[in-house]
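Side chains are part of it too, since the values below use all heavy atoms of this structure and drop only hydrogens, waters and symmetry mates.
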Amino acid sequence: MAILDERPVWSMSSGEKLSALDAAHAEIARLQVRCLHLSAGLDADGYAQEIGARDTVQLLSVRYRLDPADVRRDLRLARALHKYPAVTAALGVGRPADSESARTTVNLGQADAIVSALEKVPASAGVPVEDLRVAEEAMVEAAGLLPPADLRALGKEMRERLDTNGPEPHRDEDEVSSREALWIKPADRGVSFGGYLADENAELFQTLIFAGAKPHKTPDGERDPRPRSKRQADALTAILTTAAGAGSAVPGHGEIKPHITVTIDLEDLKAGTRARGDLVHGDTLSAAAVRRLACDAGIIPLVLGSNSEPLDVGAEHRFVTRAIRQALNARDKGCIACGAPPSMSEAHHITHWADGGPTSLENLALLCKRDHINVHRGHLTVHLTNGHPVINRPTWSDPDPPPALAHPA
């Protein structure tokens with residue numbers, strides 16, 4: 001491993017700081033490539049499933065507190081690298097760490113941009129291997145100047161030159177449809193989201209949004225003061241409200257139609273105090289907002305106990321009733337192990353029903369299918385604390401302690 005200059009920063013000149021930063025980035029790049037191949041090796045072994053994780057992505061993202069999307073991207077790159085010798089060489093793979101030739105000339109972000117671009121060249125296009133090699137080497141050379149974003153743009157241009165006939169219409173439609181995605185992330189007092197829709201779905205989305213986002217004059221005849229982004233957000237909200245009003249039962253909800261569930265003290269709701277109600281997906285609404293929602297919705301009473309846990313709301317049945325499922329959704333807010341939403345979660349008997357465990361809230365918890373399986377396999381355990389289910393973290397979720405560093409005598 002390279003020896004880095006670890007003198008105190010205050011004792012270094014600006015030139016020395018920059019040189020030390022160069023060395024640090026080079027060492028980080030080497031270690032990232034090492035991590036990439038170790039991760040790919042674990043994935044090939046199937047070791048994650050052996051120790052109770054859903055897959056390698058879950059194992060690494062939980063164990064090292066990483067975003068699953070980043071882990072998934074790195075594994076995708078590692079699996080494809082063997083087809084791209086120029087990128088592999090530029091990453092310094094397969095040579096001694098102390099060798100000058102092992103120095104990386106592209107970083108992981110650049111390598112991913114190059115490989116992702118060339119992977120999208122369809123085999124059916126009949127592009128000669130020699131042409132792909134030339135394109136790969138040209139992009140590696142361009143990486144000496146271009147960041148990942150510019151390399152992705154260059155990759156798109158390369159693909160268009162390599163596949164001069166373009167994709168067949170039906171194949172292109174299938175390919176872009178498979179890339180449809182929607183992401184949702186928690187944000188301050190709400191969520192942020194984005195994604196991609198293809199062809200007719202994109203047209204439907206734009207048609208509905210644009211129709212609902214037309215500016216309207218104020219009652220005084222003035223121009224609509226809302227910017228376009230706000231009008232489009234209002235249009236989407238109107239579409240969702242209409243869909244919820246006409247909604248049908250959703251699998252996983254215990255035949256409950258999709259409704260907003262708010263848990264709030266009844267007296268606070270009646271008084272309209274400054275108290276806030278808890279939403280299923282983790283945010284809150286003011287009592288005033290809940291009262292406003294209640295003007296156009298049925299009220300589902302949920303009685304809370306002294307520790308703020310929902311009380312038993314159903315009789316002793318083998319299967320979870322609608323009332324119990326509603327209470328589970330409100331209390332657990334999804335899988336208690338991984339946070340998957342209620343619609344993707346199942347009701348688990350902490351003490352199995354066949355062993356005499358009752359179908360009541362104090363003996364139930366929400367788990368996604370994978371974590372439900374892992375509980376029954378003994379990889380995870382569930383217990384109640386003050387009326388709330390708690391899951392014990394699996395042994396693979398924490399890294400091993402680093403080895404003790406040897407100090408010179």
Side-chain angles (χ1 to χ4, degrees), residues 67 69 148-150 152-153 156-157 160 169 172-250 253 256-264 268-300 329 333-334 341-344:
D67 286 334
D150 291 340
R152 283 190 286 272
K156 184 175 183 296
E157 183 179 342
E160 291 173 352
D172 182 48
E173 290 175 358
D174 292 343
E175 192 273 331
V176 296
S177 178
S178 70
R179 290 192 286 114
E180 289 190 324
L182 173 68
W183 56 261
I184 303 174
K185 296 181 180 180
D188 184 29
R189 304 295 298 278
V191 297
S192 58
F193 58 92
Y196 171 76
L197 293 176
D199 301 326
E200 67 268 22
N201 291 335
E203 184 66 18
L204 174 63
F205 180 74
Q206 292 182 90
T207 298
L208 292 174
I209 292 295
F210 292 163
K214 292 179 179 178
H216 298 283
K217 290 186 177 181
T218 68
D220 298 331
E222 301 294 330
R223 294 181 58 183
D224 195 326
R226 300 172 298 165
R228 185 175 66 177
S229 59
K230 171 59 175 169
R231 287 188 277 111
Q232 292 183 164
D234 289 345
L236 178 58
T237 301
I239 293 169
L240 296 176
T241 302
T242 301
S248 58
V250 177
H253 278 267
I256 299 170
K257 288 186 177 182
H259 290 303
I260 297 172
T261 300
V262 186
T263 304
I264 189 171
D268 288 339
L269 177 62
K270 290 163 61 177
T273 64
R274 294 172 62 86
R276 303 186 68 83
D278 293 323
L279 298 172
V280 168
H281 294 286
D283 216 327
T284 62
L285 282 177
S286 68
V290 176
R291 286 165 62 85
R292 186 171 63 250
L293 286 174
C295 291
D296 192 35
I299 300 296
I300 302 174
N329 290 353
K333 299 178 173 61
S343 60
M344 297 173 59

**Asked** Can you check whether Trp183 reaches Val191 side chain to side chain, under 4.5 Å on heavy atoms?
**Response** no
**Asked** Out of curiosity, Asn201 CG to Tyr196 OH, how far, rounded to the nearest 0.5 Å?
**Response**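 Atom-to-atom, Asn201:CG and Tyr196:OH are 10.0 Å apart.
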Which residues pass the side chain to side chain contact (heavy atoms under 4.5 Å, CB included) test with [X], not counting sequence neighbours?
X      : value
Pro186 : none
Arg223 : none
Pro225 : Thr218

**Prompt:** Does Asp150 have any salt bridge (charged side-chain N to carboxylate O under 4.0 Å, His left out) partners at least two apart in sequence or in another chain, and if so, which?
**Reply:** none
What donor-acceptor contacts under 3.5 angstrom involve side-chain atoms of residues 205-214, with partners at least two apart or in another chain?
residue, atom, partner, partner atom, Å
Gln206, NE2, Ala202, O, 3.4
Thr207, OG1, Glu203, O, 2.7

**Message:** Please list all pairs meeting salt bridge (Lys or Arg N to Asp or Glu O under 4.0 Å) that have one or both residues in residues 225-235, counting only residues at least two apart or in different chains.
**Reply:**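 Counting only pairs at least two positions apart or across chains, the salt bridge (Lys or Arg N to Asp or Glu O under 4.0 Å) contacts touching residues 225-235 are Asp224-Arg226, Arg226-Asp234, Lys230-Asp234.
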